[in-house]
Amino acid sequence: MTSLAATATRENPTFCHPSVLDRRMWAGGALKFYGPTLRIGDPLERRSSIRSVTEKEGSSGPMVFVTVDHAIYGPSGLAIEERQDIVYLEIPDTYAPPKKKPLPTAPVEEIDTTETLLFRYSAVTFNAHRIHYDLAYTKGRREISGPRRAWSPSSHAADARGDPRTRQDA
């Protein structure tokens, strides 16, 4: 722990932007998986490079966006590609919550959450918790699938934008 700085980055980070902006946050990313499957115990090699550095001015001050690409190789070659988008910001003197936005007056979308949908979502996210596949068990409980709940608005936004790559009725 002594080798970590206040922002939880290493004192001498290889892939951190050398700016005076100390607040480092995850801004987004993407993963691509290639075959064949990696196995436990396989030797792996990760190669990383900085794709881009973009300085911007936001409503809260200066920002620096850094995109880092990682390629992970196994015995059979390229196995995983990952893109990490990192944003650097100033550390504020005091916390200011985001500006409030009005809520929609009516539901934007209603989803018929069937057992089949719950089961398929559980399978695709490798999550075997009972609330992800047993509708009768899930009804009447206060638990809800966090990732499934997050997926709904993002999928709706893609649908509204006309993105054919996302479908909720699968």
Side-chain angles (χ1 to χ4, degrees), residues 1-99 101 119-129 131-133 144-168 170:
M1 296 299 279
T2 58
S3 67
L4 296 179
T7 58
T9 59
R10 296 197 181 278
E11 296 276 343
N12 187 13
T14 306
F15 289 105
C16 293
H17 186 263
S19 80
V20 296
L21 303 175
D22 292 325
R23 187 175 177 195
R24 182 176 188 253
M25 296 172 44
W26 181 265
L31 285 168
K32 288 184 183 177
F33 296 89
Y34 302 94
T37 305
L38 294 174
R39 304 214 181 275
I40 294 174
D42 281 351
L44 302 177
E45 176 186 346
R46 182 176 77 174
R47 300 176 194 164
S48 301
S49 61
I50 296 176
R51 180 192 303 187
S52 65
V53 176
T54 307
E55 296 183 24
K56 294 185 177 185
E57 188 70 29
S59 61
S60 62
M63 302 181 292
V64 177
F65 288 88
V66 179
T67 299
V68 181
D69 291 323
H70 302 285
I72 300 172
Y73 295 85
S76 300
L78 180 62
I80 302 170
E81 286 183 320
E82 179 183 15
R83 185 196 81 237
Q84 293 179 339
D85 299 315
I86 302 161
V87 62
Y88 292 86
L89 307 163
E90 292 178 330
I91 295 178
D93 294 330
T94 59
Y95 173 74
K99 295 175 186 167
K101 295 181 180 179
F119 178 79
R120 287 179 176 170
Y121 192 78
S122 174
V124 82
T125 59
F126 302 100
N127 192 338
H129 190 284
I131 66 165
H132 296 270
Y133 64 85
I144 193 163
S145 166
R148 172 66 180 96
R149 192 172 189 179
W151 172 57
S152 295
S154 61
S155 181
H156 177 70
D159 288 346
R161 175 176 86 219
D163 190 335
R165 295 174 295 175
T166 58
R167 286 190 43 191
Q168 290 190 6

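Below, all heavy atoms of this structure are taken into account, side chains as well, without hydrogens, waters or symmetry copies. Sequence positions, counted from 1, serve as the residue numbers for this chain.
The two atoms that bring Leu44 and Gly74 nearest to each other are CD2-CA, 3.9 Å, heavy atoms only. When all heavy atoms are compared, the tightest approach of Gly29 to Asp85 is N-OD2, 3.7 Å. Contact detail for Ile80 and Phe33: the closest heavy-atom pair is CG1-CD2, 3.8 Å. Nearest heavy atom pair, residue Pro62 against residue Glu57, reads N-OE2, 3.5 Å. Summarising the geometry of Pro75 relative to Pro43, their closest heavy-atom pair is CD-O, 3.8 Å, with the distance given to 0.1 Å.
Distance check: Leu21 CG to Met63 CE gives 10.0 Å after rounding to the nearest 0.5 Å. Atoms NZ and CZ, from Lys56 and Phe65 in turn, are 5.5 Å apart once rounded to the nearest 0.5 Å.
The side chain to side chain contact (heavy atoms under 4.5 Å, CB included) test with Arg83 singles out one residue from Lys32, Arg51, His70, and that residue is Arg51.
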Is there a side chain to side chain contact (heavy atoms under 4.5 Å, CB included) between Ile86 and Tyr88? Walk through the geometry before answering.
CA-CA 7 Å; Ile86 302 161; Tyr88 292 86; 3.8 Å; yes
